[in-house]
*Asks:* 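Right, I'll just put the structure down here and ask away after.
Each chain gets a letter, A, B and so on, in the order its sequence line appears, and its residues count up from 1.
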2 protein chains.
Amino acid sequence: MSEQRRHRVRLEISREAARLFWAQGVDGTSGDQIAEAVGLSTRTIWRHFRSKESCAEPIIAQSVEWELATLRSWPPHRSLEEHFATEAKRLASEIGTQGQADAGLGVKMMRLADTEPALRTAWLMACDQVEHELAAVIATRLGLEHDDLQVRLHAAAASAALRILNEYVGAGLLDGTDPRKLGDENFAFIADAVRTATGGAVGDPVDIAEVPAESGEGTADRLAF
Amino acid sequence: MSEQRRHRVRLEISREAARLFWAQGVDGTSGDQIAEAVGLSTRTIWRHFRSKESCAEPIIAQSVEWELATLRSWPPHRSLEEHFATEAKRLASEIGTQGQADAGLGVKMMRLADTEPALRTAWLMACDQVEHELAAVIATRLGLEHDDLQVRLHAAAASAALRILNEYVGAGLLDGTDPRKLGDENFAFIADAVRTATGGAVGDPVDIAEVPAESGEGTADRLAF
DNA sequence: TGCCAATGTGGCACTAGGTGAAAATTGTGG
DNA sequence: CCACAATTTTCACCTAGTGCCACATTGGCA
């Protein structure tokens, strides 16, 4: 089965699972129900997902995917707010009704995660992945290794800030905030949150030329071992 | 059953479970084995823990408990490194062999969490709780509400930094670092990491008198909704 | 001391999540 | 239409976890 095809099937299952989880809770939803809803046998569900809760992962992962993609394509010479703003504009024109529905489900799963530990896991794991990818991005921007302690600290703090903002915005949307209110000034707020969380090290444009000169400056020489 | 007694039983089960998890993996350990190791019936284990993996929670929670307790008792007029240093000294004189063994098990569970998703959950959940308690601490230090967006951002970033440092130090200890090398200069490093993650807002002494004047300054006026 | 009530524990049957392996179905090139 | 591989289904089976009732232990009280 092609990787793409597999991804689509998983996503399809995930949609139905998320819908059922939201409608009747995780405990109140059985594997059989998910299978019936998506029109596959139960066994096939377990072939695609190791557990019931993990059925929600693709829809959650997809809701952070654009953020991840945006961070991956962040050119060194641009500021974070600039890049977010242009990418958001591009995304807005590309996203279809399916994408909007998925985003809605993603937000609902985020909300469910507040009360369903099994889903909170999935959400935290998704954020965990953001953290790792962000470490790579930060490492290249600062000219350090991706497992440098300072890089890991910055990545963890920044992705934690992004998580909080995601939860905040998501909660707002579920409570009836008009999505059109999400304007450019919010990207400035997000970028500043990242700047604050990283002590100003991440968020501004970096000059390619000066990066090598700074390399090593941020490493954890002071930690005794 | 008294709350204290219940806590002790859970901890006892957790010790055996952690030992078995470390020795033979989570999947390789059955509920029956844990029950036998601790001398209780399997049924009683499930009365105390909702799942196999959650048996590791108390030992993990305990390993962040001293950190939590230290943060809770952080007086406004002291810097973070000062407070950590004195509390660590006090702790070192109080901790017994049992406490040391538990700390060792806690570090091992942290390490296992790298490969065992079920345990990573427990670890992230423990960190999640640190984040919440830290929010309360930060709120009082800054004179803001504990659910203020700025407070949540600082708490998330700071606790993420603490998590990374925990993982880093834990990994070091498991790889043979001498525990005695954990001196005062490390507390300065930790405190600086927290300072960086919070844009300098958390870590230094705060003057009680000036707190009310600053209240409201950090709120998220700029986010559009 | 002896009784009683509350509460923790054990045993056992049972549900549900999840897997292994072979049969059945679907898809695909000749 | 056939041969063949890839996927799905069917079915037996395993283990984590629950409901229920009987039993044991504890602690209060006369």
*Asks:* For a quick check of understanding: with a heavy-atom distance under 4.0 Å over all strands, which category does B:Ser30 fall into, base, sugar-phosphate or nothing?
*Replies:*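 The residue B:Ser30 makes sugar-phosphate contact but no base contact.
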*Asks:* Which whole-number value in Å describes the distance from B:Ile13 CD1 to C:dG8 P?
*Replies:*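 One finds 13 Å between P of C:dG8 and CD1 of B:Ile13, rounded.
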*Asks:* Can you tell me how far the NE2 atom of A:His48 sits from the OG atom of A:Ser54, to the nearest 0.5 Å?
*Replies:*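 Result: 12.0 Å between the selected atoms.
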*Asks:* Under 4.0 angstrom, heavy atoms only, what part of the nucleic acid is A:Ser51 near: base, sugar-phosphate, or nothing?
*Replies:*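 The answer is sugar-phosphate, as A:Ser51 gets under 4.0 Å only of primed atoms, P, OP1 or OP2.
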*Asks:* Just the rounded figure in Å: distance from C1' of D:dT15 to CZ of B:Phe49.
*Replies:*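 One finds 19 Å between C1' of D:dT15 and CZ of B:Phe49, rounded.
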*Asks:* Looking at C:dG10, I'd like to know if its phosphate oxygens (OP1 or OP2) sit under 4.0 Å from a side-chain N or O belonging to B:Thr44.
*Replies:*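 Checking C:dG10 against B:Thr44, a side-chain N or O does come within under 4.0 Å of OP1 or OP2.
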*Asks:* Specify the separation, in whole Å, of atom CZ of A:Phe21 and atom C1' of C:dG17.
*Replies:*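 One finds 12 Å between C1' of C:dG17 and CZ of A:Phe21, rounded.
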*Asks:* DNA chain C: A:Arg47 or A:Asp32, which has the more 5' nearest nucleotide?
*Replies:*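 Its nearest nucleotide lies further toward 5', so the answer is A:Asp32.
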*Asks:* With a 3.5 Å cut-off and no angle check, do the side chains of A:Arg78 and A:Thr86 form a donor-acceptor pair?
*Replies:*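 Indeed, the side chains of A:Arg78 and A:Thr86 share at least one donor-acceptor pair under 3.5 Å.
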*Asks:* Between B:Trp74 and B:His83, what is the ring plane arrangement, given parallel below 30°, perpendicular above 60°, and tilted in between?
*Replies:*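 Taking B:His83 first and then B:Trp74, their aromatic rings lie parallel (interplane angle under 30°).
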*Asks:* Rounded to whole Å, how long is the line connecting atom CZ of A:Arg5 with atom P of D:dA5?
*Replies:*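 Result: 22 Å.
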*Asks:* Hey, could you give me the CZ/CZ distance between B:Arg152 and A:Arg163, rounded to the nearest 0.5 Å?
*Replies:*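 One finds 9.0 Å between CZ of B:Arg152 and CZ of A:Arg163.
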*Asks:* Roughly how far apart are A:Arg50 CZ and A:Ile45 CD1, rounded to 0.5 Å?
*Replies:*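 Between atom CZ of A:Arg50 and atom CD1 of A:Ile45 there are 14.5 Å.
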*Asks:* Nearest to the side chain of A:Arg43 - C:dG20, D:dA16, C:dG17?
*Replies:*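 Among the listed nucleotides, the one closest to the side chain of A:Arg43 is C:dG20.
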*Asks:* Between C:dG11 atom C1' and B:Ile45 atom CD1, what is the distance in whole Å?
*Replies:*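 Distance check: B:Ile45 CD1 to C:dG11 C1' gives 15 Å.
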*Asks:* Return no unless some side-chain N or O of B:His48 is found under 4.0 Å from OP1 or OP2 of C:dG8.
*Replies:*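 No, because none of the side-chain N or O atoms of B:His48 sits under 4.0 Å from OP1 or OP2 of C:dG8.
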*Asks:* Write down the distance between CD (B:Gln33) and C1' (D:dA16), rounded to a whole number of angstrom.
*Replies:*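 Checked: the CD to C1' distance equals 14 Å.
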*Asks:* When you measure from the side chain of B:Ser41, which nucleotide among C:dG17, C:dG11, D:dT9 comes out closest?
*Replies:*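 Nearest nucleotide to the side chain: C:dG11.
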*Asks:* Output the rounded distance in Å from CH2 (A:Trp46) to C1' (D:dC14).
*Replies:*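 One finds 15 Å between C1' of D:dC14 and CH2 of A:Trp46, rounded.
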*Asks:* To the nearest Å, how far apart are A:Arg6 CZ and D:dA6 P?
*Replies:*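 Computing the A:Arg6:CZ to D:dA6:P distance gives 15 Å.
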